[in-house]
**Q** 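Sharing a structure below in structure tokens format, with a few things to ask.
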Amino acid sequence: MRSFLYCEAGFVEKDKWLPNCWVNVECPTPEDIQYLLNQFHVPESFLSDIEDTDERPRIEYEGNWLLTILRIPIQNHERSIPFTTVPIGIITNNDIIITVCYHQTELIPDFIRYTRRKEVVVRHKYDLILRLIHSSAVWFLKYLKQINNEVVRAEVALEKSIRNEDLLRLMKLEKSMVYFNTSIRGNEVMLTKLQSIFQESVWMDAELLEDVETELKQAHLTVNIYSDILTGTMDAFASIISNNVNTIMKRMTSISIILMVPTLIASFYGMNVVNHIEEAQHGFVAIVLLSIALSALAFFVFRKIKWF
């Protein structure tokens, strides 16, 4: 799906392409790809690179074309990992600005609504790239808060009962943290390279650049903090599980020993040998009472050493 967006105190959609118009292509169809190749002569290698889900943030030239690839966060509702990152490519050439993403995201629609609400004026392609990086950092922070809330809910559930499902949920969230951390660091490196490309004063907006760097640093710091917390939580619950297993084994061993005492006595007196008690009037009662007494003694000893 493609749309033509022109900046008029915020991006408004147009019916056709105009110079310096932003062409946004999301989840492109084969017709969209052919349109970009035939209408704008976009390098086909750029589109192939963007399609690669594992493509890292980077910058690439081909003739007068400039490809800038970012990693942006998305939320998965059907996959094993609840949050991950995907590449979005920003392809520019003089008065042509094209963004291509092969995944449905919340970032682009939210960014367009934000520019309309705040009446943002995007002056040129570098301005748009910086604002998209800024928006990606904001969405990283939003999803990190959701991840943290998921961790808190999992912790509450694990305090009541340690289930494999809750531990697996924490493990999936830990994977999301790894993806976020790697992508944010890649975007930071890519932003540094962009500054070396657009050095002229006509491109520079010091205030916007400072805001972008601040948001990226905050996102990087936040993901590191949450990752450390989650790692500590996983280690703590691993220790709790191990301790619970040891406690259960101690109790089971204690019960086995307590039950073994009357079994051993019954075995001795059940032998087909003379034991001088077979003729006693209260022999059976004496054996039962002796078994109970020894079992009670064993229980008291285990209670004393806190095996029960």
Side-chain angles (χ1 to χ4, degrees), residues 1-7 11-76 79 83-115 120 122 124-140 179 182-184 186-187 189-191 193-194 197-198 212:
M1 182 185 69
R2 62 180 180 269
S3 57
F4 306 100
L5 302 161
Y6 194 79
C7 187
F11 283 103
V12 294
E13 191 165 350
K14 299 293 183 178
D15 295 331
K16 61 181 181 179
W17 179 81
L18 300 172
N20 294 313
C21 180
W22 171 23
V23 183
N24 178 45
V25 183
E26 199 168 26
C27 299
T29 62
E31 291 76 13
D32 293 329
I33 298 297
Q34 287 302 318
Y35 176 81
L36 295 178
L37 295 175
N38 298 332
Q39 183 70 22
F40 300 109
H41 305 290
V42 174
E44 188 173 358
S45 60
F46 284 4
L47 300 177
S48 300
D49 291 342
I50 300 170
E51 188 177 7
D52 184 5
T53 307
D54 298 322
E55 190 64 50
R56 69 189 188 281
R58 61 186 178 85
I59 296 172
E60 184 177 338
Y61 286 101
E62 185 168 325
N64 293 327
W65 291 95
L66 172 65
L67 170 63
T68 305
I69 296 181
L70 306 176
R71 300 287 304 188
I72 61 175
I74 63 170
Q75 185 173 6
N76 288 330
R79 299 186 180 181
F83 300 91
T84 186
T85 62
V86 295
I88 179 173
I90 306 171
I91 306 171
T92 58
N93 183 5
N94 298 328
D95 58 351
I96 300 175
I97 304 174
I98 303 171
T99 59
V100 180
C101 184
Y102 283 81
H103 303 267
Q104 190 76 30
T105 70
E106 297 180 79
L107 186 150
I108 296 297
D110 178 74
F111 173 71
I112 295 172
R113 289 193 298 268
Y114 172 79
T115 60
V120 175
V122 178
H124 43 67
K125 55 187 178 183
Y126 182 54
D127 213 357
L128 177 62
I129 294 173
L130 287 181
R131 292 188 182 278
L132 286 175
I133 298 174
H134 183 273
S135 183
S136 71
V138 171
W139 275 96
F140 273 118
Y179 287 127
T182 304
S183 298
I184 292 172
N187 288 348
V189 173
M190 193 269 305
L191 177 62
K193 294 180 180 179
L194 279 174
I197 295 174
F198 298 96
V212 173

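From a predicted model like this one, the values you see are computed outputs, not experimental measurements.
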**Q** For side chain to side chain contact (heavy atoms under 4.5 Å, CB included), just list the numbers for Leu47 and Leu37, CA-CA rounded to whole Å, side-chain angles, deciding distance to a tenth of an Å, and then say yes or no.
**A** CA-CA 9 Å; Leu47 300 177; Leu37 295 175; 3.9 Å; yes
**Q** Is Asp49 paired with Arg58 through a side-chain N to carboxylate O contact shorter than 4.0 Å?
**A** yes
**Q** For the atom pair CD1 (Ile88) and CD1 (Ile74), what is the distance rounded to the nearest 0.5 Å?
**A** 11.5 Å
**Q** Please identify which of these residues, Leu107, Ile72, Ile50, meets the side chain to side chain contact (heavy atoms under 4.5 Å, CB included) condition with Val86.
**A** Ile72
**Q** Would you sort out whether Val23 and Ile97 count as a side chain to side chain contact (heavy atoms under 4.5 Å, CB included), showing the intermediate values?
**A** CA-CA 6 Å; Val23 183; Ile97 304 174; over 6 Å; no
**Q** Walk me through it: do Trp22 and Thr99 pass the test side chain to side chain donor-acceptor pair (under 3.5 Å)?
**A** CA-CA 8 Å; Trp22 171 23; Thr99 59; 2.8 Å; yes
**Q** Distance from Glu60 atom CD to Trp65 atom CH2, nearest 0.5 Å?
**A** 13.5 Å
**Q** If you take all heavy atoms of Thr53 and Arg71, which pair is closest and at what distance?
**A** O-NH1, 2.6 Å
**Q** Looking at Ser183 and Pro57, what are the two nearest heavy atoms and their distance?
**A** O-CG, 4.3 Å
**Q** With side chains defined as the heavy atoms from C-beta onward, is the minimum distance between Arg2 and Pro28 less than 4.5 Å?
**A** no
**Q** Apply side chain to side chain contact (heavy atoms under 4.5 Å, CB included) to residues Leu70 and Met190 and explain how you reach the verdict.
**A** CA-CA 8 Å; Leu70 306 176; Met190 193 269 305; 2.5 Å; yes
**Q** Could you measure the distance from the CG atom of Leu66 to the OG1 atom of Thr92? Nearest 0.5 Å is fine.
**A** 4.0 Å
**Q** Decide yes or no for Glu26 and Thr105: does some side-chain heavy atom of the first lie under 4.5 Å from some side-chain heavy atom of the second?
**A** yes
**Q** Please check if atom CD in Glu44 has more than 12 non-hydrogen atoms from other residues, nucleotides or ligands closer than 6.0 Å.
**A** no
**Q** Taking the side chain as C-beta and beyond, is there a heavy-atom pair between Leu191 and Leu130 under 4.5 Å?
**A** yes
**Q** Looking at every non-hydrogen atom in both residues, tell me the closest pair between Glu62 and Phe46 and how far apart they are.
**A** CB-CZ, 3.6 Å
**Q** Without swapping roles, check the side chain of Asp127 against the backbone of His124 for a donor-acceptor pair under 3.5 Å.
**A** no
**Q** With rounding to the nearest 0.5 Å, note down the distance linking CD in Glu106 to OG in Ser135.
**A** 11.0 Å
**Q** Flag the pair Ile108 / Cys101 as yes when at least one side-chain heavy-atom distance between them is below 4.5 Å, and no otherwise.
**A** no
**Q** Can you confirm whether Phe140 sits close enough to Thr85 that some side-chain heavy atom of one is under 4.5 Å from a side-chain heavy atom of the other?
**A** yes
**Q** Going from CD on Gln39 to NZ on Lys16, what distance comes out if it is rounded to the nearest 0.5 angstrom?
**A** 11.0 Å
**Q** Does any non-hydrogen side-chain atom of Tyr35 lie less than 4.5 Å from one of Val25?
**A** no
**Q** Within this structure, what is the CD1-CG distance for the pair Ile96 and Leu36, rounded to the nearest 0.5 Å?
**A** 10.0 Å
**Q** What I'd like to find out is whether the side chain of Leu67 reaches to under 4.5 Å of the side chain of Ile90, using heavy atoms alone.
**A** no
**Q** Would you please test Ile91 and Phe40 for side chain to side chain contact (heavy atoms under 4.5 Å, CB included) and show each step?
**A** CA-CA 11 Å; Ile91 306 171; Phe40 300 109; over 6 Å; no
**Q** Between Asn38 (side chain only) and Gln34 (backbone N and O only), is there a donor and an acceptor less than 3.5 Å apart?
**A** yes
**Q** Identify the two heavy atoms, one from Phe111 and one from Arg131, that lie closest to each other, and give their separation to 0.1 Å.
**A** CE1-CB, 3.6 Å
**Q** When you compare the side chain of Val138 with that of His134, does any pair of heavy atoms fall below 4.5 Å?
**A** yes
**Q** Could you check whether any side-chain N or O of Thr182 sits under 3.5 Å from a backbone N or O of Tyr179, counting only pairs where one atom can act as donor and the other as acceptor?
**A** no
